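Below is one structure, written out as structure tokens; the observations come after it.
Along the sequence shown, the residues carry numbers beginning at 1. When a ligand or atom number is given, it counts from 1 through the structure's own listing order. This one's a predicted model, so the numbers in the text were calculated from it and none came from an experiment.
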Amino acid sequence: MGTVSQNGVKRLAMDGAEVVVFPAPAQLFEAAANEFFRTINDCMKRDSVCRMAVAGGSTPKSLYTLIADRVDKGQARGIDWARVHLFFGDERCVPPDHPDSNYRMMKQTLLVHGLTAAVHRVQGELPPEEAAARYEEELREEFGDGVLKFDLIILGMGPDGHTASLFPGSAALNDHTRWVAANYVERLKSWRITLTYQVLNSASEDLFLVSGAEKAEALAQVLKGADLPAAKVKPAGKLLWYLDAAAASGIAGR
Ligand code: 6PG
């Protein structure tokens with residue numbers, strides 16, 4: 001049934017994943033920020049480039065703002081940001097200044113206060129297939145002859161169990177050759193650009209951030225291994241779920 005720490009944080013092991021339930025969203029984002037900086041600092045100690053893919057949507061905004069604040073307050077010394085390469089788990093097919101753009105959201109949250117990581121933007125303004133092909137090229141250049149292995153991929157999950165822009169019933173769920181796919185999302189009547197499972201499942205660590213009661217039902221299904229996109233994320237490395245109590249209200253032992 002897991003362990004409970006003094007500050008009410010519960011840790012559960014579920015089907016190869018570490019599930020951590022925080023009483024409140026603020027604690028979830030503090031822990032996620034710690035994981036973000038731990039990953040970077042580990043790479044700095046290994047004198048290697050740190051490659052991360054980060055989530056879009058609204059949940060991670062609080063995380064990105066918290067990270068930027070810590071940098072602003074000088075709590076992230078010793079990081080050579082030029083060796084931190086940030087990619088996107090997915091992007092909407094819109095220009096970078098569009099209200100729906102994940103890049104725009106990152107610029108307004110994570111990239112304030114002079115955080116000068118190398119940001120690899122998806123060119124959402126291009127035709128979808130071209131945007132996906134160019135992003136895949138950029139990824140292949142990034143990993144060169146090395147192994148495709150992000151140090152950390154931060155993911156969200158929708159109330160329908162989607163993650164990145166891998167939505168239920170969409171074609172990209174079955175794309176096992178490309179690293180980046182242009183994916184038409186019927187429910188949204190729009191195109192998205194998304195990393196595919198090949199990339200998500202080759203990471204050293206996938207970290208899901210899920211907050212809010214509206215996700216409780218889908219989350220309970222996903223953690224039981226239901227046939228939902230987020231349930232198919234099974235990285236070669238670590239799989240971490242950071243939940244708040246509201247999102248975890250549907251799982252046993254929470
Ligand atoms: C996006 C995301 C997407 C997101 C989920 C959850 O571009 O929207 O990458 O996968 O993580 O939809 O979104 P919220 O955090 O807004 O609930």
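- Judged by distance alone, the side chains of S165 and D90 do bring a donor and an acceptor atom under 3.5 Å apart.
- Sorted by first and then second residue, the salt bridge (charged side-chain N to carboxylate O under 4.0 Å, His left out) pairs involving residues 91-102 (not counting sequence neighbours) form an empty list.
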Give one line per pair: atom of ligand 1, protein atom, distance. Only N/O to N/O under 3.5 Å.
residue  : atom   : partner : partner atom : Å
ligand 1 : 7 (O)  : D90     : OD1          : 3.4
ligand 1 : 7 (O)  : D90     : OD2          : 2.9
ligand 1 : 7 (O)  : R92     : NE           : 3.0
ligand 1 : 7 (O)  : R92     : NH2          : 3.4
ligand 1 : 7 (O)  : N102    : ND2          : 2.9
ligand 1 : 8 (O)  : R92     : NH2          : 2.7
ligand 1 : 9 (O)  : G56     : N            : 3.3
ligand 1 : 9 (O)  : D90     : OD1          : 2.6
ligand 1 : 9 (O)  : D90     : OD2          : 3.1
ligand 1 : 10 (O) : A164    : N            : 3.2
ligand 1 : 10 (O) : A164    : O            : 2.6
ligand 1 : 12 (O) : H162    : NE2          : 2.6
ligand 1 : 15 (O) : S58     : N            : 3.4
ligand 1 : 15 (O) : T59     : N            : 2.8
ligand 1 : 15 (O) : T59     : OG1          : 2.6
ligand 1 : 16 (O) : S58     : N            : 2.7
ligand 1 : 16 (O) : S58     : OG           : 2.6
ligand 1 : 17 (O) : K215    : NZ           : 2.4

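- The shortest side-chain heavy-atom distance between L240 and F208 does not fall under the 4.5 Å cut-off.
- Counting heavy atoms from C-beta outward, L110 and K61 have side chains that stay 4.5 Å or more apart.
- Every residue two or more places apart in sequence or in another chain that forms a side chain to side chain contact (heavy atoms under 4.5 Å, CB included) with A33 is listed here: L63, L66, I67, R70.
- Every residue meeting the ring pair (Phe, Tyr, Trp, His ring centres under 6.0 Å) condition with Y242, not counting sequence neighbours, appears here in chain and number order: F22.
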